[in-house]
Amino acid sequence: LPAALAFAAGLVFGIGLLVSSLVDPARVLAFLDVAGRWDPSLMLTMGAAIAIGLAATAIAQRRTSTLIGLPLHLPRVTAIDRRLVLGAIVFGMGWGLAGICPGPSLVGLGMGSPQAALFVGAMLGGMALFDRAQAWADSRSFTSQRVGSPAPHHGRGARGPLEGRP
């Protein structure tokens with residue numbers, strides 16, 4: 001059942017991206033061009049997503065399990081730190097340059113878009129590069145620490161989302 005619900009949620013998300021035109025890089029770039037020919041229409045999509053997210057979060061914070069009885073794991077880290085700010089800047093630069101972000105790029109990939117395929121390949125390459133750099137930084141940081149002190153924690157596990165991949 002959880003796999004079927006995840007599939008249904010992904011299907012609704014993908015349809016929503018198509019209907020709202022978030023998979024169209026030209027439309028997204030026009031939305032981001034607030035100093036030029038700004039197209040505010042995607043603001044409705046963003047506003048709806050934020051409103052639904054706020055309501056769902058308020059409900060989830062009062063629960064200990066999901067609607068189907070699975071454990072509910074909410075993020076515990078809420079601090080705005082240097083890493084978050086830098087990540088947001090890099091993400092925003094990529095979104096602003098390409099007009100594509102990860103979710104819509106996967107929809108575009110499924111639609112056979114060569115631009116989306118290039119973007120997804122570059123995105124995975126960037127993730128792998130970051131993963132390797134983080135592992136290197138962690139190993140250097142770990143060797144300089146005292147024995148018995150905790151290893152650095154970056155909120156994604158020791159190696160990140162590509163853990164276990166070559």
Side-chain angles (χ1 to χ4, degrees), residues 1-61 66-68 70 72-134 154-157 159-166:
L1 185 62
L5 290 175
F7 179 82
L11 188 64
V12 168
F13 181 68
I15 291 170
L17 290 173
L18 288 168
V19 169
S20 67
S21 299
L22 273 168
V23 296
D24 179 3
R27 183 94 182 253
V28 172
L29 289 172
F31 171 69
L32 296 173
D33 186 13
V34 295
R37 297 186 57 130
W38 184 48
D39 176 2
S41 62
L42 292 182
M43 196 177 300
L44 292 172
T45 303
M46 299 285 190
I50 290 169
I52 291 168
L54 287 172
T57 300
I59 292 167
Q61 288 175 335
T66 65
L67 294 176
I68 60 172
L70 297 174
L72 184 61
H73 303 285
L74 296 174
R76 294 186 186 141
V77 178
T78 58
I80 298 175
D81 59 7
R82 181 175 180 249
R83 181 185 175 106
L84 176 65
V85 171
L86 290 175
I89 290 169
V90 172
F91 178 87
M93 287 172 27
W95 194 31
L97 290 171
I100 306 174
C101 67
S105 72
L106 296 177
V107 173
L109 185 64
M111 294 171 45
S113 165
Q115 183 181 12
L118 181 62
F119 181 89
V120 169
M123 179 177 69
L124 293 175
M127 290 168 65
L129 180 64
F130 174 82
D131 193 46
R132 299 290 185 235
Q134 188 65 59
H154 300 288
R156 299 181 314 124
R159 291 209 28 185
L162 301 178
E163 187 170 336
R165 293 188 184 176

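Keep in mind that the numbers below use all heavy atoms, side chains included, and drop hydrogens, waters and symmetry copies. Residues take their numbers from the sequence shown, with the count starting at 1. Here the structure is a predicted model, which is why all the values come from computation and not from measurement.
- Between the side chain of Ser113 and the backbone N or O of Ala116, at least one donor-acceptor pair lies under 3.5 Å.
- There is no side-chain donor-acceptor pair under 3.5 Å between Arg27 and Ser20.
- For Ile80, the CD1 atom is loosely surrounded, since the number of other residues' heavy atoms within 6.0 Å does not exceed 12.
- For the atom pair CG of Leu29 and CD1 of Ile100, the computed distance is 8.5 Å after rounding to the nearest 0.5 Å.
- Leu42 contributes atom CG, which lies 5.0 Å from atom CG of Leu22 (distance to the nearest 0.5 angstrom).
- Within the 4.5 Å cutoff, the side chain of Trp95 has heavy atoms near those of the Leu32 side chain.
- For the pair Trp38 (side chain) and Phe31 (backbone), a donor-acceptor distance under 3.5 Å is present.
- Using a 4.5 Å heavy-atom threshold, the side chains of Asp24 and Val28 count as separate.
- Atom CE in Met123 sits 8.5 Å away from atom CG in Leu109 (nearest 0.5 Å).
- For the atom pair CG (Leu17) and OG1 (Thr45), the distance works out to 9.0 Å, reported to the nearest 0.5 Å.
- Between Arg83 atom CZ and Gln134 atom CD the span is 4.5 Å, to the nearest 0.5 Å.
- Atom-to-atom distance recorded for Phe91:CZ and Leu86:CG is 15.0 Å, nearest 0.5 angstrom.
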